[in-house]
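Everything on this sheet refers to the single structure shown next.
Per chain, numbering begins at 1; letters A, B, ... match sequence-line order.
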There are 2 protein chains.
Amino acid sequence: MAKKAQSVPRREKGLSRNRIIEASIELLDSSGEGGLTFRALSERLATGPGAIYWHIASKSELLIAACDAIVARTMNAPVATNKREATPQAIIRSLALGMFDAIDAHPWVGSALIRAELQSPMVRIVERIGQQVRALGVPDEQQWEAVSALFSYILGVGGKNAANGQLARTRGIDRSEFLEAMSHVWLQLDPQEYPFVRSAAGQLRAHDDRMDFLAGINLILKGIESSRRR
Amino acid sequence: MAKKAQSVPRREKGLSRNRIIEASIELLDSSGEGGLTFRALSERLATGPGAIYWHIASKSELLIAACDAIVARTMNAPVATNKREATPQAIIRSLALGMFDAIDAHPWVGSALIRAELQSPMVRIVERIGQQVRALGVPDEQQWEAVSALFSYILGVGGKNAANGQLARTRGIDRSEFLEAMSHVWLQLDPQEYPFVRSAAGQLRAHDDRMDFLAGINLILKGIESSRRR
DNA sequence: ACCTGAACACCGTTCAAGT
DNA sequence: ACCTGAACACCGTTCAAGT
């Protein structure tokens, strides 16, 4: 009968790079970094562990590919800014927050991103930010430094959040409980040796990761601005 | 300092948390993150894998303890600044570079640091930087944001360098070869979609990680300064 | 071309048994 | 109190064999 007359949704049974990546994302989301194993994955795909190797070279490649899929979605999503003032700064803030939220939703992306250095996920992020840094009027020789700083900062916060997510999962602990406990530990420190950390213990309990993240982006943006002005 | 008159250096044969940590550092330095296994470690310590568990709860605790030992040394080292102008900014730069160099020498510290969130290694770094941010005259409510931004940035660059080190080890590839190859890949990208990355490919080949890192620290410091002035 | 699944060479961790 | 080492329950990866 008609072979391509209508949208026969690619036979469910055939394995493909894409199906493998989608299944990996589901697995990573539902059971964390440790949840992605070739055995669990092949069970979910109703196949043998060896079959996956026909489509993907290694676990590390698989993790980066899954990370890249999330980053691609995030960087291609329409930028959520007020049209009235879609300044480069506002767009950069929005892109950065997009990554923050993506990592918040998929904590494993944070650590995968770090391992994917200079590969596709980084390229996507750097490109989007880079264009806005240009639009900011930063001179050519300073653009790389500016983009690199923003990217590294996002990477750092992302990695931290990935660790948080991992910790929350393994210890089955609530984030605010954990902050409470940590704040208590900090208050216990020797006041001679740790005056700053002790005094910051209160803010630790109250702080909002997302707002702190944004504040850091704003500091870097201000730094870029005041460098440019000179 | 010397607490007691040159005591006998704790009998070589007895296991101890410290000896285990030192052996772990050697193993991590010589064969990377993957090189730290309880089997390799117990062989080096001439004991069984189970023995280590008497002194340390888990591999993750071991990794963080090893990381903390390096961070402690780094943060306690005398700050290398020109006495004449030991401004808070200069001290922060020096502390940050100290961490950069430590991670450069021990790439595994980068990824361990990320996993150690809010624990001892972070506390040491945050304290040292925090004191200088205070000395900068940043108002109380803004201190945490400033320190947090600096720390996250250091974490991000550190994580990236850890990945580099790992990559260099597994692929047995030289850093500059790798940058060369990556720069070539970037030049191949679609100019419509990736104008910025393409134009940055040249700088990628030429760039100096350490200088880029310092430039980022300076951007954040400038941002802090201009926030304060407002 | 694509898939199967047993087998290999590892892991971290536990625990009865020793000293 | 501290150590031993076999055993358990996993891993990623390979590969002859199938379709």
Side-chain angles (χ1 to χ4, degrees), chain A residues 3 8 10-25 27-28 30-67 108 111-112 115-116 163 166-167 169-172, chain B residues 8-25 27-28 30-67 108 111-112 115-116 163 166-167 169-172:
Chain A
K3 287 192 173 176
V8 181
R10 287 188 176 285
R11 53 182 189 131
E12 289 276 335
K13 295 179 66 179
L15 219 49
S16 72
R17 196 182 152 88
N18 254 325
R19 277 194 66 211
I20 294 172
I21 291 171
E22 285 311 313
S24 300
I25 291 174
L27 220 40
L28 286 160
S30 66
S31 34
E33 284 178 65
L36 180 63
T37 68
F38 279 80
R39 279 165 181 79
L41 191 56
S42 62
E43 191 180 352
R44 179 176 282 249
L45 291 166
T47 180
I52 295 163
Y53 282 89
W54 185 264
H55 302 273
I56 262 134
S58 68
K59 181 171 180 175
S60 131
E61 188 197 310
L62 179 56
L63 194 63
I64 292 176
C67 169
W108 52 272
S111 45
R115 263 173 249 150
Q166 186 62 15
L167 192 123
R169 183 182 311 280
T170 55
R171 297 212 223 167
Chain B
V8 184
R10 291 188 175 284
R11 57 187 181 125
E12 289 278 333
K13 295 181 67 180
L15 222 46
S16 72
R17 196 181 151 87
N18 255 325
R19 275 194 68 214
I20 294 172
I21 291 170
E22 286 309 314
S24 300
I25 291 173
L27 220 39
L28 286 160
S30 65
S31 32
E33 284 178 64
L36 181 63
T37 68
F38 280 80
R39 280 164 180 81
L41 191 56
S42 62
E43 191 179 353
R44 182 177 281 251
L45 292 166
T47 179
I52 295 164
Y53 281 88
W54 186 261
H55 303 273
I56 262 134
S58 68
K59 182 172 179 175
S60 131
E61 187 197 309
L62 179 55
L63 194 63
I64 292 176
C67 170
W108 53 272
S111 45
R115 263 174 248 150
Q166 187 62 13
L167 192 124
R169 184 182 309 281
T170 55
R171 297 213 224 167

- [ ] Measure the CG-OG distance between B/L167 and A/S60 for me, rounded to the nearest 0.5 Å.
- [x] 9.0 Å
Task: Between CG on residue A/L36 and CG on residue A/L28, distance to nearest 0.5 Å - done: 4.5 Å
TODO: Check salt bridge (charged side-chain N to carboxylate O under 4.0 Å, His left out) between B/R17 and all other residues, then give those that pass, not counting sequence neighbours.
DONE: B/E61
- [ ] Go along nucleotides 8-13 of chain C 5' to 3' and tag each nucleotide: B for a protein heavy atom under 4.0 Å from its base, S when only backbone or sugar atoms are that close, - otherwise.
- [x] ---BBB
Open item on the list: Please confirm whether the shortest side-chain N or O distance from B/H55 to OP1 or OP2 of D/dC3 is below 4.0 Å.
Closed with: yes
Task: Contacts of type side-chain hydrogen bond (donor to acceptor under 3.5 Å, both in side chains), residue B/E43, not counting sequence neighbours - done: none
TODO: If a pair satisfies ring pair (Phe, Tyr, Trp, His ring centres under 6.0 Å) and one of its residues is in residues 39-66 of chain A, list it, with sequence neighbours excluded.
DONE: A/F38-A/Y53
Task: Distance, rounded to the nearest Å, where A/R17 contributes CZ and C/dC2 contributes C1' - done: 16 Å
Task: side-chain hydrogen bond (donor to acceptor under 3.5 Å, both in side chains): pairs with one or both residues in residues 30-40 of chain B, sequence neighbours excluded - done: B/E33-B/S111
- [ ] Name all stems that contain residues of DNA chain C, defined as runs of 3 or more consecutive Watson-Crick or G-U wobble pairs, both distances under 3.5 Å.
- [x] C:4-8 with D:12-16, C:12-16 with D:4-8
Open item on the list: Measuring from atom CG of A/L63 to atom CH2 of A/W108, what distance do you get when rounded to the nearest 0.5 angstrom?
Closed with: 7.0 Å
Open item on the list: My understanding is that only residues two or more places apart in sequence, or in another chain, count here; which of them pass side-chain hydrogen bond (donor to acceptor under 3.5 Å, both in side chains) with A/R169?
Closed with: none
TODO: Grab the CH2-C1' distance between A/W54 and D/dG18 for me, whole Å please.
DONE: 13 Å
Task: Whole-Å distance separating the CD1 atom of B/I20 from the C1' atom of D/dC3 - done: 11 Å
TODO: Round to a whole Å and report the spacing from CD1 of B/I56 to P of D/dC2.
DONE: 14 Å
- [ ] Could you check A/A40 against A/A51 and say which one's nearest nucleotide on DNA chain D is further toward the 5' end?
- [x] A/A40
- [ ] In whole angstrom, give the distance that lies between atom CZ of B/R19 and atom P of D/dC2.
- [x] 14 Å
